[in-house]
Amino acid sequence: MPDMLSWPMIIGLMVKQFWPVWAALVVTFVVSIRFKRRLGLYGKLFDSPVGMVGFAIVMFWVFTAVFAPMIQTLPPLDQFGSAKNPLPGAPTPDGSPYPFFLLGGDHLARDVFSRMVAGARQVLIIAPAATTFAFLVGITLGLPAGYFGGKLDTGLSFLANLVLAFPVILLFYLLVTPEIRNTGIPIYLAAVLFIFPVIFCVVLLNGRYRTNPPRRNLYVGVTLVFGLWAYSGLAFNMDPLGVWGMEPNLLNVFVSVVFVNAPTVFRIVRGIVMDIKSRDYVAAGQTRGETPSYIMMWEILPNARGPLIVDFCLRIGYTTILLGTLGFFGLGVSPESPDWGSTINAGRKILSMVPHPAVVPALALMSLVLGLNLLADGLREESLKD
Amino acid sequence: MTTWDPSQPILEIENLSISFFTRLREIPAVMDFSAKVMAGEAMGLVGESGCGKSTVALAVMRDLGKNGKIVAGKIKFKGRDLVTMDDEELRHIRGSEIAMIYQEPMASLNPAMKIGAQLAEVPMIHQAMPKDQAWALARQIVADVRLPDPDRILNAYPHQLSGGQQQRIVIAMALMSKPALLILDEPTTALDVTVEAGIVDLVKDLGHKYGTSMLFISHNLGLIMDVCDRLCVMYSGEAVETGNVTEVFDMMRHPYTQALFRSIPLPGADKNSRPLISIPGNFPLPHERPNGCNFGPRCDYFEAGRCNAGDIAMDPIPGGDRHASRCLKWAEIDWMAPPAARVSKPKSPIGKVVLKMEELKKYYALSSGAFGGGAKKVVKANETLSFEAREGETLAIVGESGCGKSTFAKVLMGLETATSGSIMLFDENIQSTPIQKRNVDTVSSVQMVFQNPFDTLNPSMSVGRQIVRALEVFRQGKSDAEREARMLELLDLVKLPRAFAERMPRQLSGGQKQRVGIARAFAGGAKVVVADEPVSALDVSVQAAVTDLLMDIQRENKTTLLFISHDLSIVRYLSDRVLVMYLGHVVETGTTDQVFQPPYHPYTEALLSAVPIADTKVVRKRIVLEGDIPSAVNPPPGCPFQTRCRWKSQVPGGLCDREMPPMRMLEGGHQIKCHLGAEVLAGMEPVIKAAAE
Amino acid sequence: MLIFVLRRLGVMALTALVLTFVVFYLTNLQPNLEKLARSEGSVRMTEESVKVWLAENGFAKPVVYRYGEWLGVVPGWTHTDEKGTTRGRCIPQGSDPAEAATYCGVLQGNWGFSTVFKNPVLDEVAGKLGATGWLMMWVMIVMVPTSLIIGIIAGMREGSRTDRVLSTFSIASTATPEYVSGVILVALLASPMTGLSPLLNEWGVIGSKTLFQGSATSAMDDITFWNFFLPVMTIALYGIGYIARMTRASMTEVMTQQYIRTARLKGVRFRDVVIRHALRNALIAPFTVIMLQFPWLLNGVVVAESLFNYKGFGWTLVTAAGNNDIDMLLGCSVVAVIVVLVTQLISDIGYVFLNPRIRLS
């Protein structure tokens, strides 16, 4: 049986374990810097040191999520031995696939390092997906609210403020409980929230190809078939082909996070639209007889992309924090799950005695959010330089 | 303080070079600039945007920001070099010895501080004056800049004042410590012409009263002539000609100065017989300046191998009053020769009535107060507007801000519906049809060209795509290929290279963007085009090119052009008929000749007098209107113009205060909305006269 | 101004009604009620007897009606069983039904009875709010000045080294949610095994095993620096970064305004430019943010109180939610919603006062 590893050795082994990530990072950076002048805003990111650092951290976690099966040393859900909370560098029992607990083990003797890597995968699927949905909902409602104003705006803003006035934590306690699944409320919410991406795409294409009905019918038709197919699977779990679907527990968490984020996006979009709609090119569109949907989708939205992209990055970070909060209160995807919030929750009870099971995922989460914030800062700085 | 001999220049700039440093490169903004301002003298700096004139002003203040650096030269103020001064010394000079007046008065005043506090601060810093004394001084200076009710103004916040009042406050602030040098950076650009006239008069008077030297920066040659003794013409970072105003205006010795004068509409220019001559080509970007003479590529007298051989120095002109030119060939050019390029064009015939408006009214209901509630107010944006416009005709609609000319455009375009009245387009009443309900033909036959070139194109769509979209919407062309071809033809029409189709708007200059806007408007074969100040945001040399382009397209297509503008010079140059508006009312209408000759409506008279004209051979009667334009929310009773009218006393019985004057028909279809008696009108003198030769 | 405030109050009341109804609806879902029946009655109740129990305890009526009862605008339920004893919402145990009031809801001051704490909700909430009040107060005292100073110093010279350092700090701190900073702080400062404490103990700097206490339970009775520092910092850290970034953004924007140039070219000292000319304009935006931080602080409070076992409002909320204590959860929600709405109102009114441009004349 091997001895305990020292910290330099642990770090060395971890660095080695992450080799696919390093390789992918190097390729990404070399290619991007080589062609940065041709890559628009993305390319300009490589002029800003802050943005580059942020991008590197974010991509580190993205690649970790992608290559997770190659990086993790031990299966994240399995127990190894009976010793509780083995320390970082402790050897695993004989016959284990890997000789050490690189960053120690938790109270069930599961490998903390592998769980962190596996958790990255969970977080980096749910957070960006939920943020995207929140954005599509917020944009689809924010555009008409800002553009038309009036009663529509008053009504939608009231609803948005209503959700915003709800303390997030309370909402989670009420929405993310096992009991609520029996009442079907998450499915109703999903039915409302998930239809917005379909509406968004249909309106987008309809505005653009309005003048050419055959082509419009083709594009809108394809979108509808595909969109409603995914919709039926995601919201109602009734996909006839079984491709789309979400576990009820995951759906519950997902819907709540979208629900909490969408009103903020709505407010941001509404504000930007109110600013842009007074521009002459919008008036030019109006005097040309364009429909409001074309003006909103093609004249206004593309010009709002700068602040929206920046906020998108920030919001992925915020969503990551929210997911962690859910996990912290044991409201997460499932108790078994290696996601960072749940792991912190599991580790906090023994925190003052053995900190590593909680500190490792905490640092992972912090670094990802930090990376996203730095990335957003870099993007904001560069997009303002035009 | 070192002794300084008053016979020496107050400000002496010697071979000043300024660069801005970006991550990619050094961008020279000003090269080898020299100038002298003597005590009590007013020096004008004139040039187009990007020529470096404001940079010079900021360099004198030593406020070039993080990226700007003075790379060579000296700026001597009262004999002391400002370039080498440290921050503390500079601080004592700023605001006390050199003061600055800015372009945007609203932005230049602290929104969260009372006017009085902002004014009193100056002597409190520089003379350590006690607070109450400083406020008393502030009160006196506010009265000096002819603001009514100084006590109320001192206790007001900037947003409670009008634009003209704010600019007077900025001037007052500059005068608080009686500076030796005043720098004015386009002080009237953001203001209406009649307000501008008042500010210009004030600046001139105060200059004399306090004996202040001035550095006056403007793009407007007429203003420079009004205010300055000497001027310096700048082009692309260099001074190209300097001298006293009359000498430069009458005996210019640099091709750029000459080209500039030929491109601005002076009285006597005419779109058919004496069209303006625009300067060919574009302003060079700072890092793409040519070798030798910067103006070379655009110059008619360019001689390859000589003009582009090497740097050219300022060459004094013998016999002139400190007159100098940065041209190698100034002695060889025949400055009196008429321009070769001037081609007179046939006058286009005026056809049948295309557009007819009758008794058009547009009222807005406005809820008062920032938080809603309170009584509803009605803004009368347009009051009984009636006119007709014919095929191939240019009808100018003239007025200052708040006169309702933009509302009128919106109603015509169908973005808003009128409250009452009718708009007939080819015998079809479109008054109550909002744009969504108009059919494609109607929409494509009434189109608009917008004011702000930087706003008129969607920044995230290529130029070609935007024109193609207009073609799609107007149902032009049967296939994508056909529309693509038509789009390229339209680019030809507005004289842009076809390669521009692929470009994004940010890669285009202001003038080029405006051309794309024109191409887009004509995509559906527009019959009526509303041009809302299409050239006011462009540089003078580009203005001429864009107006001429509009005129050419109009001639070809027999388009009816409704030209909305506040600039009477350009209106006189291109319009056939003129409509003068004030606070929602048409106060005068007639042919261009009728409107620009007496009898005038008193407002037209003041407007004409307010427009500066860059011609030493023209004498203008000075009529400066008192006060500001009243708010359209709260218009005066009776005649809308009565609050500022200088003829009011000539109307008996206070009629002006009580009754809206009727529209009076004078000879030849000339109409004036005024109570003045026929004999008074007949006795009016022309505002603009040619000086006796 | 008065109309504005009244109008805001109206919207606020409407918001409060809708929100409390939503909470009422979500806490009174059928599964929750059945759970309540089983925990109050007996665990082995049949479906039938659960229904009977619910009917006998006034839970069978439609949810809108019961919301009315809870609010106190609809008469409370009464139930007379076979023995002839009448029980009801407004009839305290052992009192005479004839003397009981008809209406007894939140508006009458009857917030219900907590099944977990065995105490009237109102008393319980009031006591717990007091404890949380202390926590919030110290958080504000630490957070607001620190963040404003950081933001202003960073923003007054954009791009300088100070700015870079402070901005990086604020970004890092906004990337650290409470449950992360709490964990790290405890591991670093309050663990006998890791971080500073073992070292300090070894060197003899501290007598106890840890530098700070990892639990704030003792602070319920007696607040000391050693038991309160960690929870306060845990909550404040995230807010500091957030407010500092807002302040910095606002400050940099103000510093590029023309009136700042005007002031500079008037010869005003840089220090006075910042203090006299920039500060007031730059503080308008952060003020709103600080006020709107309250809902988020509530989040932090819940996390920190659970982590440090400080029995305040957040801890109560978690306990109530975890134990299906319906009345308690409702009570907590009402308080939370009111706190959020009041801060929104203050932020709106404050904005009007700070910004002379929109002040009514």
Side-chain angles (χ1 to χ4, degrees), chain A residues 50 54 158-159 161-175 177-183 185 314 317-318 320-322 324-325 327-330 340-341 344-345 347-348 351-356 358-359 361-374 376-377 380, chain C residues 11 14-16 18-19 22-23 26-27 29-32 34-35 164 167-168 171-172 174-184 186-188 190-195 210 214-215 238 292 295-296 298-299 302-303 306-307 314 317-318 320-322 324 329 332-333 336-337 339-341 344:
Chain A
V50 172
F158 179 74
L159 282 182
N161 289 338
L162 214 60
V163 179
L164 289 176
F166 235 118
V168 176
I169 197 82
L170 183 63
L171 200 66
F172 281 160
Y173 261 118
L174 295 175
L175 277 183
T177 55
E179 287 83 24
I180 207 165
R181 248 187 291 153
N182 305 334
T183 62
I185 288 176
L314 285 177
Y318 180 70
T320 309
I321 292 179
L322 278 185
T325 313
F328 181 80
F329 287 111
W340 296 338
I344 297 172
N345 182 35
R348 72 172 155 120
L351 185 58
S352 57
M353 291 300 125
V354 251
H356 64 264
V359 169
L363 288 176
L365 188 138
M366 184 185 148
S367 66
L368 173 62
V369 179
L370 177 65
L372 284 163
N373 286 0
L374 290 173
D377 236 45
R380 174 168 28 223
Chain C
V11 174
L14 185 61
T15 312
V18 176
L19 286 184
V22 171
V23 177
L26 287 176
T27 45
L29 289 171
Q30 204 57 33
N32 289 347
E34 284 167 18
K35 219 161 96 184
R164 293 263 171 239
S167 294
T168 311
I171 290 181
T174 45
T176 319
E178 293 84 358
Y179 53 88
V180 169
S181 52
V183 163
I184 293 173
V186 169
L188 217 53
S191 158
M193 313 296 284
T194 52
T210 59
S215 152
Y238 184 84
L292 297 182
W296 182 263
L298 198 70
N299 242 359
V302 175
V303 173
S306 323
L307 194 61
L317 181 66
V318 174
N324 199 34
L329 196 53
C332 289
S333 311
V337 165
V339 167
V340 170
L341 292 178
Q344 276 181 3

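Within every chain, numbering begins at 1; the chains are lettered A, B, ... in the order of the sequence lines, protein sequences first and strands thereafter.
For C:V339, no part lies under 4.5 angstrom from a heavy atom of chain A. Interface residue C:V180: backbone and side-chain heavy atoms are both found under 4.5 Å from chain A. At a 4.5 Å heavy-atom cutoff, the contact between A:F329 and chain C is made by side-chain atoms alone. Proximity to chain A (any heavy atom under 4.5 Å) is shown, for C:S181, by neither the backbone nor the side chain. Contact annotation for C:V303: both backbone and side-chain heavy atoms come within less than 4.5 Å of a heavy atom of chain A. Interface remark: A:V50 contributes side-chain atoms only to the contact with chain C (heavy atom separation under 4.5 Å). Both the backbone and the side chain of C:A172 come within contact range of chain A, judged by heavy atoms closer than 4.5 Å.
The heavy-atom pair separating C:A187 from A:V359 by the smallest distance is CB-CG2, 3.6 Å. Shown here for C:V11 and A:F158, the closest heavy-atom pair between the two residues is CG1-CE1, 4.1 Å.
A:R348 is not listed as a side-chain neighbour of C:V186, based on a closest heavy-atom distance of 4.5 Å or more. At a threshold of 4.5 Å between non-hydrogen side-chain atoms, the residues A:I344 and C:V183 count as touching. Here the side chains of A:V369 and C:P177 are not in contact, with every heavy-atom distance at 4.5 Å or above. Residues C:V302 and A:L170 are not in side-chain contact: their nearest non-hydrogen atoms beyond the backbone lie 4.5 Å or more apart. Side-chain contact check for C:L307 versus A:F328: some heavy-atom pair is nearer than 4.5 Å. For the pair A:I185 and C:L29, the minimum side-chain heavy-atom distance is below 4.5 Å.
When the candidates C:V23, C:L329, C:L298, C:V337 are compared by the number of heavy-atom contacts under 4.5 Å with chain A, C:V23 comes out ahead. In terms of non-hydrogen atom pairs under 4.5 Å with chain C, the most contact-rich of A:I321, A:L370, A:L174 is A:I321.
Looking only at distances, no side-chain donor or acceptor of A:Y173 sits under 3.5 Å from a matching main-chain atom of C:G322.
How far CG of A:L363 is from CD1 of C:I184: 4.5 Å, rounded to the nearest 0.5 Å. Here C:L317 contributes atom CG and A:I169 contributes atom CD1; the two are 7.5 Å apart, rounded to the nearest 0.5 Å. A:L175 CG to C:L26 CG: the interatomic distance, rounded to the nearest 0.5 Å, is 6.0 Å.
The closest side-chain donor-acceptor pair between A:T325 and C:N299, if any, does not fall under 3.5 angstrom.
Residues passing the side chain to side chain donor-acceptor pair (under 3.5 Å) test with C:T168, sequence neighbours excluded: none.
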Quiz prompt | side-chain hydrogen bond (donor to acceptor under 3.5 Å, both in side chains) evaluation trace for C:T174 with A:N373 | solution = CA-CA 8 Å; C:T174 45; A:N373 286 0; 3.2 Å; yes

Quiz prompt | Residue pair A:N161, C:T15: steps toward the side-chain contact (heavy atoms from CB on, under 4.5 Å) verdict | solution = CA-CA 8 Å; A:N161 289 338; C:T15 312; over 6 Å; no

